[in-house]
Amino acid sequence: MRACDKKKGFKEKVLGVVSKIPKGRTKSYKKVALLAGNPGAYRAVGNILKRNRDKKIPCHRVIRSDGTVGGYNRGEKKKKEILKKEGAF
DNA sequence: CGTATGACGTGCA
DNA sequence: GTGCACGCCATAC
């Protein structure tokens with residue numbers, strides 16, 4: 001069944017997963033990649049988010065497994081502030 | 001098509 | 001505890 005294909009494209013999958021992140025909750029790139037179906041593509045996750053940085057995608061809720069905010073198009077500081085504001089921190 | 005990049009993750013000094 | 005280097009995958013140009 002190609003129609004039922006889950007191969008929506010890793011990119012779309014990642015964006016979908018990230019957009020599903022509840023408010024006040026953060027997820028690690030690895031977790032996102034895992035939910036996206038490619039636990040070893042966490043590297044591409046960051047790339048996709050950066051190349052897509054969709055306004056409907058709370059990419060600021062995606063942080064590293066170390067607990068560091070990682071990076072953000074608007075500035076890591078801003079990202080951290082948003083997380084703090086949402087209570088994720 | 002092939003190359004270069006990247007917002008990671010882990011290990012080691 | 002901190003910093004550096006390598007490895008991994010997918011995307012974009």
Side-chain angles (χ1 to χ4, degrees):
Chain A
M1 284 195 194
R2 257 181 278 286
C4 252
D5 223 332
K6 347 188 189 164
K7 285 174 175 190
K8 241 162 46 169
F10 188 66
K11 184 183 80 152
E12 298 285 323
K13 202 89 171 278
V14 172
L15 294 172
V17 174
V18 176
S19 70
K20 277 187 240 209
I21 299 177
K23 184 185 162 233
R25 194 45 123 86
T26 52
K27 238 170 224 319
S28 57
Y29 292 93
K30 207 188 323 193
K31 201 75 180 263
V32 175
L34 179 72
L35 297 171
N38 286 47
Y42 49 78
R43 202 33 109 134
V45 175
N47 250 351
I48 293 161
L49 290 174
K50 186 193 165 164
R51 301 283 193 188
N52 281 266
R53 65 187 199 258
D54 229 293
K55 218 224 149 118
K56 272 151 194 355
I57 309 293
C59 42
H60 60 257
R61 283 186 199 147
V62 186
I63 61 170
R64 289 184 60 158
S65 42
D66 300 285
T68 44
V69 296
Y72 197 48
N73 320 59
R74 305 292 225 221
E76 302 169 38
K77 201 168 127 135
K78 191 84 174 173
K79 181 173 177 178
K80 223 165 163 188
E81 204 174 294
I82 294 168
L83 293 169
K84 201 178 202 182
K85 219 164 149 142
E86 299 205 331
F89 253 21

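Only this structure's heavy atoms are used, side chains among them; waters, hydrogens and symmetry mates stay out. Since the structure is predicted, the reported quantities are computational estimates derived from the model, not experimental observations. Here is how names work: the chains are called A, B, and so on, in the same order as the sequence lines, proteins then strands, and each is numbered from 1.
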Q. Between Val62(A) and Phe10(A), is there a shared hydrophobic cluster once you connect ILVMFWY residues whose side-chain heavy atoms come closer than 4.5 Å?
A. yes
Q: Report yes or no: is there a donor-acceptor pair, N or O only, under 3.5 Å between the side chain of Tyr29(A) and the base of dA7(B)?
A: yes
Q: Considering just the side-chain nitrogens and oxygens of Ser65(A), establish if one lies under 4.0 Å of OP1 or OP2 belonging to dT10(B).
A: yes
Q) Under 4.0 angstrom, heavy atoms only, what part of the nucleic acid is Leu49(A) near: base, sugar-phosphate, or nothing? A) base
Q. Starting at CG of Leu83(A) and ending at C1' of dA7(B), how long is that distance when rounded to a whole Å?
A. 13 Å
Q) Should Lys11(A) be listed as having a side-chain N or O under 4.0 Å from OP1 or OP2 of dA12(C)? A) yes
Q. NA contact type, Asn38(A), heavy-atom cut-off 4.0 Å: base, sugar-phosphate, or nothing?
A. sugar-phosphate
Q.
Salt bridge or not between Arg25(A) and Glu86(A)? Use side-chain N to carboxylate O under 4.0 Å.
A. no
Q.
For a quick check, tell me whether the side chain of Asn47(A) and the base of dA7(B) share a donor-acceptor pair closer than 3.5 Å.
A. no
Q: Answer with base, sugar-phosphate or nothing: what part of the nucleic acid does Arg51(A) contact at a heavy-atom distance below 4.0 Å?
A: sugar-phosphate
**Q.** Whole angstrom value for the distance that separates C1' of dC8(C) from CZ of Phe10(A)
**A.** 12 Å
Q. Within the side chain of Lys13(A), is there an N or O that forms a donor-acceptor pair under 3.5 Å with the backbone of Gly37(A)?
A. no
Q.
Under 4.0 Å between a side-chain nitrogen and a carboxylate oxygen: does that hold for Asp66(A) and Arg64(A)?
A. yes
Q.
Does Lys30(A) reach a base, just sugar-phosphate, or nothing at all? Heavy atoms under 4.0 Å.
A. sugar-phosphate
Q.
Please report the distance, rounded to the nearest Å, between CZ in Arg64(A) and C1' in dG6(B).
A. 11 Å
Q) Within the structure, does a side-chain N or O atom of Arg53(A) lie under 4.0 Å from either OP1 or OP2 of dA7(B)? A) no
